[in-house]
> 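The structure's right below; bear with me while I get my questions together.
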Amino acid sequence: IIAKIDADIQECMFGDRALMPFKMNIDLERQDSIRIVDITSDLININLTGQYKVSDIEFLIDYQINHLVSFITDEVSKLSKPHDFKAMNKDWSIDEFPEYNLKLKAKLLDISPLNIILQQRKLSCNGDIDLSVNTSKHISEILLNSINLNSFVLENPFANIKINPIDVYV
């Protein structure tokens with residue numbers, strides 16, 4: 001898909017939740033097998049480049065990021081409260097990863113609307129991130145090139161993580 005979308009979202013409802021009005025511009029390009037997505041909005045600015053399908057992004061968000069957040073939360077919980085560690089150990093393995101690679105550069109202005117899809121979690125963050133994801137059938141590698149967080153809050157039933165501010169560069 002090659003497209004340019006300029007949107008002025010006035011009303012966006014998710015059951016009993018709603019987003020405040022915002023503007024968004026999306027540019028979708030393709031150069032040979034490389035996809036380029038540029039999104040600018042009041043909430044986030046994103047540049048996503050690489051060889052991937054939309055389903056790969058869904059897999060990255062749904063499986064890898066949610067499981068990574070759960071893993072980190074479990075590890076923090078182990079440090080802060082006594083738990084039954086055997087019950088907390090989970091099998092995060094899968095048979096095969098979809099094969100793709102992508103580079104993500106994002107300026108996070110307000111990601112709190114993601115809370116609509118995060119179950120029993122509250123997330124807010126303001127900062128910049130630069131990362132790469134490379135996968136083959138049996139390996140998934142997320143390389144964090146840099147992160148600059150002005151604020152980060154993750155709250156869930158097991159742990160609360162608050163960071164304000166932090167810089168990590170590789």
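Every heavy atom of this structure was used, including side-chain atoms; hydrogens, water molecules and symmetry mates were not. When a residue number appears, it is its place in the shown sequence, counting from 1.
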> For Ser132 and Asn134, what are the C-alpha separation, side-chain angles and deciding distance, and is it a side chain to side chain donor-acceptor pair (under 3.5 Å)?
CA-CA 7 Å; Ser132 301; Asn134 299 297; 5.4 Å; no
> Supply the atom-to-atom distance Lys105 NZ to Asn45 CG, rounded to the nearest 0.5 angstrom.
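Going from NZ on Lys105 over to CG on Asn45, the span is 13.5 Å.
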> Going by the salt bridge (Lys or Arg N to Asp or Glu O under 4.0 Å) test, which pairs reach into residues 32-50, not counting sequence neighbours?
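Salt bridge (Lys or Arg N to Asp or Glu O under 4.0 Å) check on residues 32-50 returns no pairs.
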> CE of Met24 to OG1 of Thr40: how many Å apart, nearest 0.5 Å?
8.5 Å
> Should Asn150 and Asn148 count as side-chain neighbours, where that means a heavy-atom distance under 4.5 Å?
yes
> Show your working on side-chain contact (heavy atoms from CB on, under 4.5 Å) between Leu43 and Asp110 and close with a plain yes or no.
CA-CA 5 Å; Leu43 305 172; Asp110 179 11; 4.2 Å; yes
> Quick one: does Asn47's side chain get under 4.5 Å of Val37's, heavy atoms only?
no
> Which heavy atom in Asn25 sits nearest to a heavy atom in Ala7, and how many Å separate them?
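Taking every non-hydrogen atom into account, OD1-N, 4.4 Å.
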> Going from CD1 on Ile147 to CZ on Phe152, what distance comes out if it is rounded to the nearest 0.5 angstrom?
7.5 Å
> What pairs meet the salt bridge (Lys or Arg N to Asp or Glu O under 4.0 Å) rule with one or both residues in residues 123-132, with sequence neighbours excluded?
Lys107-Asp128
> Any side-chain heavy-atom pair from Thr49 and Ile36 closer than 4.5 angstrom?
yes
> Can you give me the closest heavy-atom contact between Ile46 and Ala106, atom names plus distance?
CG1-CB, 4.1 Å
> Could you give the distance from CD1 (Ile26) to CD1 (Ile39), rounded to the nearest 0.5 Å?
5.0 Å
> Working to the nearest 0.5 Å, report the span between CG of Asn145 and CG of Leu131.
7.0 Å
> Between atom CG of Leu28 and atom CD1 of Ile5, what is the distance when rounded to the nearest 0.5 Å?
5.5 Å
> Can you list everything that forms a side-chain contact (heavy atoms from CB on, under 4.5 Å) with Met20? Sequence neighbours excluded, please.
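If we apply the side-chain contact (heavy atoms from CB on, under 4.5 Å) test to Met20, skipping adjacent residues, there are no hits.
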> Side-chain heavy atoms nearer than 4.5 Å, only ILVMFWY residues, links allowed to pass through others: does that put Leu104 and Leu123 together?
yes
> Do you see a donor-acceptor pair shorter than 3.5 Å between the side chains of Gln51 and Asn101?
yes
> Would you tell me whether Glu99 and Ser136 have side-chain atoms, one donor and one acceptor, within less than 3.5 Å of each other?
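No donor-acceptor contact under 3.5 Å links the two side chains.
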> Quick one, Leu102 and Leu48 - any side-chain contact, counting heavy atoms below 4.5 Å?
yes
> If two hydrophobic side chains count as joined below 4.5 Å and joins carry through other members, does Leu144 share a cluster with Ile44?
yes
